[in-house]
Amino acid sequence: MYRLRRVYDFSAADLPAVFADRLWARGVKKERLADVPWVKTLAPSDALRRWFHADKSARHAEFCARYRAELSAPELQPALHDLRTRATQAGSLTLLTAAKIIEQSHLPVLRAVLEEG
């Protein structure tokens, strides 16, 4: 139900989609994603993102646990509910990121949390 894609590979065939990064993707014009909501509130916090980027390979498991904890915050539940609703109504939802390696990004954790809800 949830597809994961790099924003640089995005096409209209990926709609409906949401861009789930804290920072805007370098080199991507906002007009290109005019029909794609930017849900930066569901991206890892700036502090967690910076901590993780210091040593991605050694910190990946801990990053996933910390990010999952961030997503459990009560103030994020309405945004998670909105994504689940979008996915249910459309049959699928594409989660977009600028990360080079999706499997090492936050999107697999976000997808797992969405699927559990």
Side-chain angles (χ1 to χ4, degrees):
M1 182 179 332
Y2 299 97
R3 297 180 308 261
L4 309 181
R5 300 236 337 138
R6 292 192 72 220
V7 69
Y8 303 104
D9 301 327
F10 170 75
S11 72
D14 296 316
L15 291 172
V18 295
F19 180 53
D21 276 356
R22 179 81 44 190
L23 305 174
W24 191 257
R26 288 183 187 173
V28 176
K29 294 184 179 187
K30 292 190 179 182
E31 295 82 30
R32 182 172 175 222
L33 298 178
D35 296 327
V36 177
W38 184 13
V39 291
K40 55 185 162 184
T41 57
L42 292 178
S45 67
D46 191 51
L48 180 58
R49 182 182 60 79
R50 289 175 186 261
W51 173 83
F52 177 54
H53 283 273
D55 190 356
K56 288 182 183 181
S57 59
R59 296 180 174 178
H60 187 260
E62 179 68 17
F63 166 77
C64 292
R66 289 183 184 191
Y67 179 47
R68 185 176 279 276
E70 285 186 356
L71 290 174
S72 70
E75 62 270 15
L76 295 182
Q77 299 316 300
L80 290 168
H81 177 73
D82 179 56
L83 293 189
R84 288 182 189 110
T85 301
R86 287 173 188 258
T88 300
Q89 290 174 345
S92 67
L93 181 68
T94 303
L95 306 175
L96 300 171
T97 184
K100 289 181 182 178
I101 303 172
I102 292 176
E103 296 76 20
Q104 295 176 351
S105 76
H106 64 290
L107 287 190
V109 178
L110 179 57
R111 176 176 56 190
V113 167
L114 289 168
E115 288 173 345
E116 293 164 5

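With salt bridges taken as basic N to acidic carboxylate O contacts below 4.0 Å, one links Arg66 and Glu62.
Atoms CZ and OG, on Arg49 and Ser105 in that order, are 13.5 Å from each other to the nearest 0.5 Å. Taking NE2 of His81 as the reference point, atom CZ of Arg86 lies at 11.5 Å (rounded to 0.5 Å).
Counting only N and O atoms by type, the side chains of Arg6 and Thr97 include no donor and acceptor under 3.5 Å apart. Counted by atom type alone, Arg5 and Thr94 present zero donor-acceptor pairs between their side chains at under 3.5 Å.
Closest approach of Pro78 and Pro74 over heavy atoms only: CD-O, 3.6 Å. Considering every non-hydrogen atom in both Ala98 and Asp21, the closest pair reads N-OD2, 2.7 Å. Across all their heavy atoms, Arg22 and Pro44 have their closest contact at NE-O, 3.1 Å. Between Ala43 and Glu70, the shortest heavy-atom contact is O-OE1, 4.4 Å.
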Q: Could you walk me through whether Glu116 and Arg68 pass the salt bridge (Lys or Arg N to Asp or Glu O under 4.0 Å) test, one step at a time?
A: CA-CA 12 Å; Glu116 293 164 5; Arg68 185 176 279 276; 2.8 Å; yes
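Scored by the side chain to side chain donor-acceptor pair (under 3.5 Å) test, Arg59 finds no partners at all (sequence neighbours excluded). Applying the side-chain contact (heavy atoms from CB on, under 4.5 Å) rule to Ser72 yields no partners; only residues at least two apart in sequence or on another chain are considered. Looking at residues two or more places apart in sequence or on another chain, you find a side-chain contact (heavy atoms from CB on, under 4.5 Å) between Arg32 and Phe10, Val28. Here Arg50 pairs with Asp46 under the salt bridge (Lys or Arg N to Asp or Glu O under 4.0 Å) rule; sequence neighbours left out.
Residue-environment remark: NE2 (His60) exceeds the threshold of 12 foreign heavy atoms within 6.0 Å.
Hydrophobic side-chain contacts under 4.5 Å tie Leu23 to no other Ile, Leu, Val, Met, Phe, Trp or Tyr residue. Connectivity analysis of hydrophobic side chains (ILVMFWY, heavy atoms under 4.5 Å, direct or indirect) links Leu114 to Met1, Tyr2, Leu4, Val18, Val39, Leu42, Leu48, Trp51, Phe52, Phe63, Tyr67, Leu71, Leu76, Leu80, Leu83, Leu93, Leu95, Ile102, Leu107, Val109, Leu110, Val113.
Ring geometry for Phe19 against Trp24 counts as perpendicular: the plane angle is over 60°, on a 0 to 90° scale with 30° as the lower cut.
At distances below 3.5 Å, not a single donor-acceptor pair connects side-chain atoms of His106 with backbone N or O atoms of Cys64.
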